[in-house]
2 protein chains.
Amino acid sequence: MSAEAKSPPVAKPRRTQAERSQETRNKVCEATLQALVEVGYEQISTTLIAQKAQVSRGALTHQFPTRNDMLVAAFERQVSEWQNGYPFGLDPEKEQLSVDELIDALWDNIFANGRYVAAIELMLAARQDNELGHALRDILVSWIRKRDRITVRLVGGDVDDAEADLKVQLHLSVLRGIAMHQSFDSDPLTAQKLIDLWKRIARQA
Amino acid sequence: MSAEAKSPPVAKPRRTQAERSQETRNKVCEATLQALVEVGYEQISTTLIAQKAQVSRGALTHQFPTRNDMLVAAFERQVSEWQNGYPFGLDPEKEQLSVDELIDALWDNIFANGRYVAAIELMLAARQDNELGHALRDILVSWIRKRDRITVRLVGGDVDDAEADLKVQLHLSVLRGIAMHQSFDSDPLTAQKLIDLWKRIARQA
DNA sequence: GAAGTTACAGACTGATCTAACTGTTTTTGA
DNA sequence: TCAAAAACAGTTAGATCAGTCTGTAACTTC
């Protein structure tokens with residue numbers, strides 16, 4: 001008699017290939033972003049990332065043939081996270097934010113995290129690397145464009161209003177500058193004080 | 001008999017050792033700063049710098065035993081340049097600047113130049129390198145402290161006035177953010193527009 | 001359940017870089 | 001004038017790293 005005649009259709013694998021791939025890619029990207037924050041671009045090597053991600057170097061190179069592929073994927077993932085969290089579940093066509101709310105939302109969702117500076121570091125490092133630089137720039141500009149358009153709407157401006165756009169750019173520049181300050185300054189309270197001061201000033205303008 | 005008894009005092013050398021040293025160091029530091037702007041930290045190697053500085057690698061390593069020594073010296077030189085140009089020949093105890101003048105002065109003397117971003121890149125890259133990072137930080141904090149104290153006086157604040165100090169920090173953060181923006185943005189006019197907008201807003205506050 | 005495909009593991013290689021080292025030239029000091 | 005010191009030039013050793021390659025395991029398709 002054959003119990004195996006009616007064998008289970010496929011003997012369901014524990015994890016599909018797609019799942020395995022995705023898991024490895026996730027681990028590598030996450031480790032890369034962490035390493036970027038913790039030890040900086042300079043220290044990143046494929047060997048280090050493989051160790052950090054608890055993945056063999058072979059697995060890493062299989063998923064990301066070149067080091068740049070790995071860096072681009074990590075960058076893309078971070079940008080995606082920013083995109084997914086923006087505009088905070090609001091509908092810019094219907095809802096608007098006060099200046100205070102906008103500043104807090106931008107800061108909390110984008111700039112407060114060490115990963116913003118890590119992204120800057122990556123962009124700076126890749127500035128002159130034609131291949132990597134262009135790849136990162138392409139990812140960035142598409143997000144920037146989207147972010148800026150949404151933000152202008154969020155503060156009640158028109159998409160084509162150059163003046164409103166400039167104001168948004170100033171908001172972003174201020175927070176960017178404070179984020180950079182924070183990454184070097186030892187006192188974590190200074191950043192919040194600067195944000196509060198900026199809120200006060202921006203409210204009047 | 002001795003013609004050499006009254007020998008010419010020294011037979012003046014073309015260049016003294018001190019001059020030769022200084023010249024080599026100058027060339028190397030200058031080349032390093034240029035390379036930092038042009039090709040970025042990532043691409044900098046002692047070989048490249050030696051070529052760029054028109055100096056043999058031997059001369060370079062003689063003056064700067066390690067790569068870090070070279071980087072630190074270049075950084076120090078840049079900070080010195082900022083120090084020497086500040087506070088623009090004014091006496092902060094007697095003269096004061098308007099908000100507009102302060103913003104222009106800070107921008108023109110520190111932030112406008114690509115070397116500001118280059119310095120940021122260096123600081124970021126060295127963030128986790130204990131040896132290099134500490135050396136750069138030490139150079140930076142001494143200058144920062146001095147700069148901030150002078151700037152507070154320049155706008156008429158008291159050295160111990162926390163509120164005035166915070167305002168200065170915000171000015172610096174805004175310009176820092178705009179400088180970063182500029183280093184990525186293709187349109188060179190945006191920076192000036194942002195500065196003008198910031199002037200308008202800062203004037204009112 | 002067998003053949004084919006994809007994921008993974010780890011060793012190897014060539015290129016590159018820093019730091020050390022050896023030898024040469026120039027300057028200095030007596 | 002001559003010996004010592006400093007500046008300079010170029011080579012080499014050791015380490016690291018990215019990318020390649022070979023072999024194995026897991027999954028998929030027919």
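Letters A, B, ... are given to chains in the order of the sequence lines, protein chains preceding strands, and every chain is numbered from 1. Bear in mind the structure is a predicted one, so any value in this text is a computation, not a measurement.
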Determine whether a donor-acceptor pair (N or O, by modelled atom type, separation under 3.5 Å) exists between the side chain of B/E121 and the backbone of B/Y41.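 Yes, the answer is positive, given that a donor and an acceptor are paired below the 3.5 Å cut-off.
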
Atom [atom1] of [X] and atom [atom2] of [Y]: how far apart are they, to the nearest 0.5 Å?
X	Y	atom1	atom2	answer
A/I144	A/L172	CD1	CG	7.5 Å
A/M70	A/I44	CE	CD1	6.0 Å
B/L60	B/T47	CG	OG1	9.0 Å

Nearest-Å distance, [atom1] ([X]) to [atom2] ([N])?
X	N	atom1	atom2	answer
A/D69	D/dC17	CG	P	19 Å
A/I49	D/dT16	CD1	P	17 Å
A/E42	D/dT16	CD	P	14 Å
B/F64	C/dC17	CZ	C1'	19 Å
B/R20	D/dC8	CZ	C1'	7 Å
A/Q51	D/dC17	CD	P	10 Å

So, does [X] get its side chain near the phosphate of [N], meaning an N or O under 4.0 Å from OP1 or OP2?
X	N	value
B/T24	D/dC8	yes
A/T46	D/dA18	yes
A/S56	C/dG10	no
A/Q17	D/dA26	no

Just call it for A/R57: base, sugar-phosphate, or nothing, with non-hydrogen atoms closer than 4.0 Å on any strand.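 Here A/R57 touches the bases of the nucleic acid.
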
Residue mapping more 5' on DNA chain D - nearest nucleotide basis, A/S45 or B/H62: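 With B/H62 and A/S45 compared, the 5'-side residue is B/H62.
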
